[in-house]
Structures are given as C-alpha cells and as structure tokens.
Peer 1: 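Quick one: the structure is below, and I'll ask about it shortly.
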Amino acid sequence: MTEWRAVSVGVCLAACTESLVYAMTGQFTLVGGVTGSALAGYVVGTDPADGGWHGLMAGVVWGCLLMPLSVLLTFLERTPILFPFQYVIPLVETPGELTTAIMLALALPNVASGALGSRARHDATGTWFDPEMAEVDAVEDA
C-alpha cells in the first residue's frame, strides 16, 4: 500500500530542489526528482523494496507536474530546457526509442534512489525519525 505522506514529502523536496536548479541554470534536470525519491524512500521505512516503490511514486507524481511545465517553457523560450534529453533526441531514430529512453531515464534513477534512501535509514545510527526503530535498536544493542 502506498503511503502518500512519504510521496508528498518527496514531491515537496523535488519541487524545492528543482526550483533552485532552475533559478541557477535555467534548465530542469532530474536532480529534484531523484532527491525527492530518496527522501520518500527514507520516510517510508527501512525496506528497500518499499523505498523503491515510493521513490518511483514520488518521481511519477513529480513528473506529472514537471513535464507539462517543461513543455510549456520550452515552447515559450524556444529552447529545450529539460536536461539531458536535448542530447538524447538526436541519437534516436524512432519515437518508440525516444519514449523508451525517456521512460527508463525517468523511472530507474527514482527507484534506485528510493531504495537507497530506505537503506540509508536502515543503516542510520540515530533513529530520530521513527520511535519504534529506537526501541528495536535498543533491544538489539542489549
């Protein structure tokens, strides 16, 4: 079951991060989505599978917000502003190849960073976020 609290936290971080990146570079990147996915994985718990799923969900929700905005700004500015896809487009020959490249580039990093976020929470020595983990660690340390 998807925990939407973790997904919304990840999307909020993605929006903040991507706003800063856009203000500095004038382009949208995958950085915001990947950092948001890692935070979603961290928030959801210590299971890397749950972290990967919630990382993917945070990436999908963030992509649903970012892609229309990116397309709109691309038309208004007359320059491609979604990095690194302006470099991928000349390398593909069919729309299917481009679609596959974009879907893999948008999905796989988010799944991996969500799983790493969960793994980082599992490996963390301090358990400030989840009181139940503190109780489990205290029992294991004794």
Peer 1: Determine whether Phe28 and Leu69 make a side-chain contact, defined as any pair of heavy atoms from C-beta on separated by less than 4.5 Å.
Peer 2: yes

Peer 1: Sequence neighbours excluded, which residues qualify as side chain to side chain donor-acceptor pair (under 3.5 Å) partners of Thr2?
Peer 2: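 Residues passing side chain to side chain donor-acceptor pair (under 3.5 Å) with Thr2: Trp53.
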
Peer 1: Which heavy atom of Arg121 sits nearest a heavy atom of Gly45, and at what distance?
Peer 2: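 Residues Arg121 and Gly45, closest heavy atoms: NH1-N, 3.8 Å.
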
Peer 1: Just jot down the side chain to side chain contact (heavy atoms under 4.5 Å, CB included) partners of Ala6, sequence neighbours excluded, or say none.
Peer 2: Val43, Val44, His54

Peer 1: Please list, chain by chain and in numerical order, all residues satisfying side chain to side chain contact (heavy atoms under 4.5 Å, CB included) with Leu13, sequence neighbours excluded.
Peer 2: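 With sequence neighbours excluded, Leu13 shows a side chain to side chain contact (heavy atoms under 4.5 Å, CB included) to Thr17, Thr35, Leu39, given in chain and number order.
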
Peer 1: If you measure from OH on Tyr22 to CG on Leu73, what distance do you get to the nearest 0.5 Å?
Peer 2: 4.5 Å

Peer 1: According to side-chain hydrogen bond (donor to acceptor under 3.5 Å, both in side chains), does anything in residues 92-105 pair up with another residue at least two apart or in another chain? List the pairs.
Peer 2: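 Residue pairs with at least one partner in residues 92-105: there are none.
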
Peer 1: State yes or no: do Val111 and Trp4 share one hydrophobic cluster built from I, L, V, M, F, W and Y residues joined by side-chain heavy-atom distances below 4.5 Å, directly or via other members?
Peer 2: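 Result: yes, single cluster for both.
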
Peer 1: Are Gln27 and Val21 side-chain neighbours, meaning at least one heavy-atom pair lies under 4.5 Å?
Peer 2: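 The answer is no, as the side chains (C-beta and beyond) never meet within the 4.5 Å cut-off.
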
Peer 1: First locate atom CD of Glu3, then atom CG of Asp50, and finally report the distance between them rounded to the nearest 0.5 Å.
Peer 2: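 These two atoms lie 7.5 Å from each other.
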
Peer 1: For the side chain of Ser37 and the backbone of Gly114, is there at least one donor-acceptor N/O pair under 3.5 Å apart?
Peer 2: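 Answer holds: no.
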
Peer 1: Return a table of donor-acceptor pairs under 3.5 angstrom between the side chains of residues 59-67 and protein atoms on other chains or two or more places apart.
Peer 2:
none

Peer 1: Leu108: what forms a side chain to side chain contact (heavy atoms under 4.5 Å, CB included) with it, not counting sequence neighbours?
Peer 2: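 In terms of side chain to side chain contact (heavy atoms under 4.5 Å, CB included), with neighbours along the sequence ignored, Leu108 is linked to Leu104.
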
Peer 1: OG/Ser19 to CE/Met24 distance, rounded to the nearest 0.5 angstrom?
Peer 2: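 With rounding to 0.5 Å, OG (Ser19) is 11.0 Å from CE (Met24).
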
Peer 1: May I have the step-by-step check of side chain to side chain contact (heavy atoms under 4.5 Å, CB included) for Ser118 and Thr46, ending in yes or no?
Peer 2: CA-CA 5 Å; Ser118 288; Thr46 60; 5.8 Å; no

Peer 1: Would you say Leu30 and Leu116 are hydrophobically clustered, going by side-chain heavy atoms of ILVMFWY under 4.5 Å?
Peer 2: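 No; tracing contacts between hydrophobic side chains, which count when under 4.5 Å, never links both residues.
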
